[in-house]
Number of protein chains: 2
Amino acid sequence: MGWVRVSDGDQVYDKYAYEPFAVTVDLAVLTLRAGALHVLLVERGQEPYAGQWALPGGFLRPDESAETAARRELAEETGLSDVSGLHLEQLRTYSEPGRDPRMRVVSVAFAALLPDPPPDFVHGDPPLASPEPQGGSDAAQARWTPYDSARPLAFDHDRILADAHERVGSELEYTCLATAFCPPEFTLGELQRVYEAVWGTALDRPNFRRKVLATPGFVEAVPGAARLTGGRGKPAALYRAGPATTLQPPLLRPSREGRPT
Amino acid sequence: MGWVRVSDGDQVYDKYAYEPFAVTVDLAVLTLRAGALHVLLVERGQEPYAGQWALPGGFLRPDESAETAARRELAEETGLSDVSGLHLEQLRTYSEPGRDPRMRVVSVAFAALLPDPPPDFVHGDPPLASPEPQGGSDAAQARWTPYDSARPLAFDHDRILADAHERVGSELEYTCLATAFCPPEFTLGELQRVYEAVWGTALDRPNFRRKVLATPGFVEAVPGAARLTGGRGKPAALYRAGPATTLQPPLLRPSREGRPT
DNA sequence: CCATTTATAGTCAGTACGACTATAAAAAGG
DNA sequence: CCTTTTTATAGTCGTACTGACTATAAATGG
């Protein structure tokens, strides 16, 4: 290692002969299924951690940014044809030496948020996508797993998943991110269930309505007085996500005397 | 590129013959000097961007995490003997292909916060540290630069600096981070100047005091009724940073009708 | 001594929020 | 059919927090 002088045509550069690092992306793909927070996991087919579950991810290709690679992996792992509208957000980068026993891997972690997946994503058994098992591929099958029973995961993915959860929970307080978990049209009850599932706390329904409706641009009523009948009870009005991106003042989760993170 | 099977003693692994990436850290080192936000910059001695200013940074060593490398760089660039107590925070990772014309570089960016630097950091002229100019080193001299006149910077460092500013400004709202800009004992006026410098807005002094003092654990009065006379006016009581890390409710910056980030 | 500067104390009204009650409209079960 | 259950929606009340503002105290520089 160290600096070496190289000549590239007519220009002379100093180039660092660096220790080679592998750069990967890891994805915490979150969604709500039946009112509970779920995460997309893949089963590892190879050592290390063979047979254990892990977050989906993969190597950066030479011409890709981490964001591009993450969206490609998201499409591959979920099998969705169009992931361009999904919320994808860089979390942080994990670079501890030894986090992958095979080699030095620096991983850029992302959180992705999905509406309740369409019905062809039936409960777990069929793989969500067809991750071409190249020689030594790591993904055997993919499955939606309830957040609370996701651990333990391979590598340092427990930590990544916890960081993703904390980040999303915190962003629900200050941003309009919750609609990313909802289909294009949704009821206020569905929106409230997003908060309750991520935060793990019950919210007062009238107060939640008042707050959401008082925040300009958070949601917009669907004009056609449309109503949706999910089950019992009075039909609810439908709303769409509005243009606002931040909540001001924020919608703080209840009874957090302690400190987060 | 692709997967190759390698035998390592008695174990057989599949290893990814990846495109080699260089991994670096970049630091946005922020402080307050004379009530204005300043950032630590280094002048580039080599192409590309020779003669331009850039954020300090450097390559990850084989045994280092990004956090370790960032703290090492912080010590090297500031010349401070003990940087263990300083606030250092991972921002995000920049991985666009072509962000460094020499080669593929993935950079993990950090924000570091310093109290007003000690007097041996006199205005700019002498280098803050002695960055051993190895063959092809990039740092020629270091200097504190007012945030508003820092640009344009080399590479994508304008973007990194802007992201650091936005992140710190946002964290002032929700956390007790502001004390990281202050010396161990400080007045409420100094603390208020942190907010005003980062946010670029004036704050009402009585209201700021009320808010800070009403937040348990944000600051603690120094018991010895100690007072500090910085200049004119009535002497102010001294405070220390308290154990709290978050502000609840937050201290929102005024008049932000728009959306951040 | 006086003007200026900074620190500190306090008032007052509007807003937001937590807790709560009440009513409406559907389905489910006898 | 009628009652119970479930969900949606409307509204009330008191407290906490905040923005705008006034007033007083204690230092410095002429």
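Numbers restart at 1 for each chain; the letters A, B, ... are given by sequence-line order, proteins then strands. Keep in mind the model is a prediction, meaning the values are calculated, not measured.
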To the nearest angstrom, how far is [X] atom [atom1] from [N] atom [atom2]?
{"X": "A/Q248", "N": "C/dT15", "atom1": "CD", "atom2": "C1'", "answer": "14 Å"}
{"X": "B/E173", "N": "D/dC17", "atom1": "CD", "atom2": "P", "answer": "18 Å"}
{"X": "B/L247", "N": "D/dC17", "atom1": "CG", "atom2": "C1'", "answer": "13 Å"}
{"X": "A/F208", "N": "C/dC20", "atom1": "CZ", "atom2": "C1'", "answer": "19 Å"}
{"X": "B/K211", "N": "D/dG19", "atom1": "NZ", "atom2": "P", "answer": "9 Å"}

TODO: At under 4.0 Å between heavy atoms, which parts of nucleotides 4-12 of chain D does protein reach? Answer with one letter per nucleotide, 5' to 3': B base, S sugar-phosphate only, - none.
DONE: --BBSBBBB
TODO: Measure from NZ or CZ of A/R92 to the centre of the six-membered ring of A/Y94, then state whether that distance is under 6.0 Å and the direction lies within 45° of the axis.
DONE: yes
Task: Nearest non-hydrogen partners of B/D204 and B/P206, listed with the distance - done: OD2-CD, 3.3 Å
Open item on the list: For B/F208 and B/Y195, take the angle between the two ring planes, folded into 0 to 90°, and tell me which bin it lands in: parallel under 30, tilted 30 to 60, perpendicular over 60.
Closed with: perpendicular
Task: Check: B/F186 ring centroid to B/F181 ring centroid under 6.0 Å - done: no
- [ ] May I ask you to check whether B/Y147 and B/H38 place their ring centers less than 6.0 Å from one another?
- [x] no
Open item on the list: Taking salt bridge (Lys or Arg N to Asp or Glu O under 4.0 Å) as the cut-off, I'd like each qualifying pair that reaches into residues 80-90 of chain A, sequence neighbours left out, listed once.
Closed with: A/E89-A/R167
